[in-house]
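To keep things clear, I will list the structure first and then write my remarks on it.
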Amino acid sequence: MNEGLDRFLGNSAWCGTFPRSQVFHLHRIGSDHRPIMLDLLPSEARSPRLFKFEQMWSTKSDCQDVIRRSWDYFPGPSPASCWEKNLGKCRTSLTAWSKRTFPNTRAQINVLQSELQSLQQSTLPDSMVHISRVTNQIADLWKLEEMYWQQRSRINWLSLGDDNTASSTRLLFSANNITRFYD
């Protein structure tokens, strides 16, 4: 029998006391039973964040300069190790540049909207010029935010359908040159 029938049971009070607890079914070694292990306080080992090139970075002309400056020739035992070192240096440089160039757009938008509200209530003669400037800044930040979220969205899924539709199957067949399935 390959089913794990053994379980840990806990009532709501116990679950409230140990909310992060985890149960593991260990490998069967030297017995026909699989031991189970309860970890009451699992460590929160965070996996490293994946690096992705942000589409909004390409809106700034100095993005290419950052890449050029960080991409050097590193002599190494193989072209792959040179490539890996260049990618690591480029990733580090782009990440640092991004933090300086693209601070939190949501916070910036909130500050500018507050400023716009006070300018709209102002009676100063040049307030219209300032209103126009702040409005343009908000629009630019909205475009950056839209790029950010569009890159993370499932726009392709919405436009091409899910994996079970005929159109996506046709797309799969044409992309992979599959003519039919064999049994």
Side-chain angles (χ1 to χ4, degrees), residues 19-20 22 41-76 78-178:
R20 294 178 33 225
Q22 294 178 346
L41 298 170
S43 64
E44 290 187 29
R46 293 175 53 116
S47 60
R49 194 172 187 185
L50 291 176
F51 174 78
K52 294 180 181 161
F53 185 87
E54 297 290 343
Q55 180 184 0
M56 66 180 171
W57 292 349
S58 61
T59 63
K60 299 289 184 184
S61 59
D62 54 340
C63 178
Q64 287 182 354
D65 297 333
V66 171
I67 294 170
R68 277 193 198 104
R69 282 193 308 267
S70 64
W71 200 270
D72 293 332
Y73 173 73
F74 288 105
S78 69
S81 67
C82 178
W83 177 259
E84 184 180 357
K85 287 184 184 204
N86 277 329
L87 280 177
K89 188 174 178 188
C90 190
R91 184 196 81 220
T92 304
S93 298
L94 280 171
T95 302
W97 170 79
S98 175
K99 286 181 181 178
R100 288 189 311 272
T101 309
F102 298 98
N104 186 342
T105 55
R106 176 53 41 205
Q108 286 181 309
I109 289 170
N110 290 341
V111 168
L112 287 172
Q113 284 177 331
S114 297
E115 183 180 341
L116 181 63
Q117 186 176 14
S118 64
L119 283 170
Q120 288 172 339
Q121 295 170 353
S122 173
T123 57
L124 296 174
D126 62 344
S127 64
M128 290 306 289
V129 173
H130 294 298
I131 288 173
S132 176
R133 178 186 52 83
V134 171
T135 303
N136 289 337
Q137 287 176 332
I138 291 172
D140 291 342
L141 288 171
W142 278 342
K143 285 178 189 172
L144 292 176
E145 196 170 64
E146 183 178 1
M147 279 182 181
Y148 177 86
W149 288 112
Q150 185 177 21
Q151 188 170 351
R152 283 155 181 75
S153 71
R154 302 247 181 220
I155 290 296
N156 288 337
W157 180 84
L158 293 174
S159 64
L160 299 175
D162 67 7
D163 292 337
N164 294 322
T165 61
S167 63
S168 64
T169 305
R170 276 193 304 274
L171 181 69
L172 174 69
F173 279 2
S174 65
N176 293 323
N177 295 323
I178 299 172

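We count residues from 1, following the sequence as given.
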Return yes if some donor-acceptor pair links the side-chain N/O of [X] with the main-chain N/O of [Y] below 3.5 Å, else return no.
| X | Y | result |
| --- | --- | --- |
| T92 | G88 | yes |
| S132 | V129 | no |
| T95 | R91 | yes |

Please work out whether the ring planes of F51 and W57 are parallel, tilted or perpendicular, with thresholds of 30° and 60°. tilted
Would you indicate whether [X], at its atom [atom1], is surrounded by more than 12 heavy atoms from other residues, nucleotides or ligands within a distance under 6.0 Å?
| X | atom1 | value |
| --- | --- | --- |
| Q22 | CD | yes |
| Q151 | CD | yes |
| Q120 | CD | yes |
| Q113 | CD | yes |

Please find the pair of heavy atoms, one from M147 and one from Q55, that lie closest to each other, and give the distance. O-OE1, 4.1 Å
Closest heavy-atom contact between Q137 and L112? OE1-CD2, 3.3 Å
Taking the side chain as everything from C-beta on, heavy atoms only, tell me whether Y148 gets closer than 4.5 Å to L144. no
Side chains of I131 and M128 in contact at under 4.5 Å (non-hydrogen atoms): yes
Are the charged groups of E54 and K60 less than 4.0 angstrom apart, N to O? no
State the [atom1]-[atom2] distance between [X] and [Y], to the nearest 0.5 angstrom.
| X | Y | atom1 | atom2 | result |
| --- | --- | --- | --- | --- |
| D126 | R133 | CG | CZ | 10.0 Å |
| D62 | I67 | CG | CD1 | 10.5 Å |
| N104 | L141 | CG | CG | 10.0 Å |
| K143 | T59 | NZ | OG1 | 10.5 Å |
| N110 | S114 | CG | OG | 7.0 Å |

Would you sort out whether E145 and Q108 count as a side-chain contact (heavy atoms from CB on, under 4.5 Å), showing the intermediate values? CA-CA 11 Å; E145 196 170 64; Q108 286 181 309; over 6 Å; no
Using the rule given for side-chain contact (heavy atoms from CB on, under 4.5 Å), can you reason through C90 versus S70, listing the C-alpha separation, both sets of side-chain angles and the distance that settles it, and then say yes or no? CA-CA 5 Å; C90 190; S70 64; 3.7 Å; yes
Given D65 and W97, is the side-chain contact (heavy atoms from CB on, under 4.5 Å) satisfied, shown in steps? CA-CA 11 Å; D65 297 333; W97 170 79; over 6 Å; no
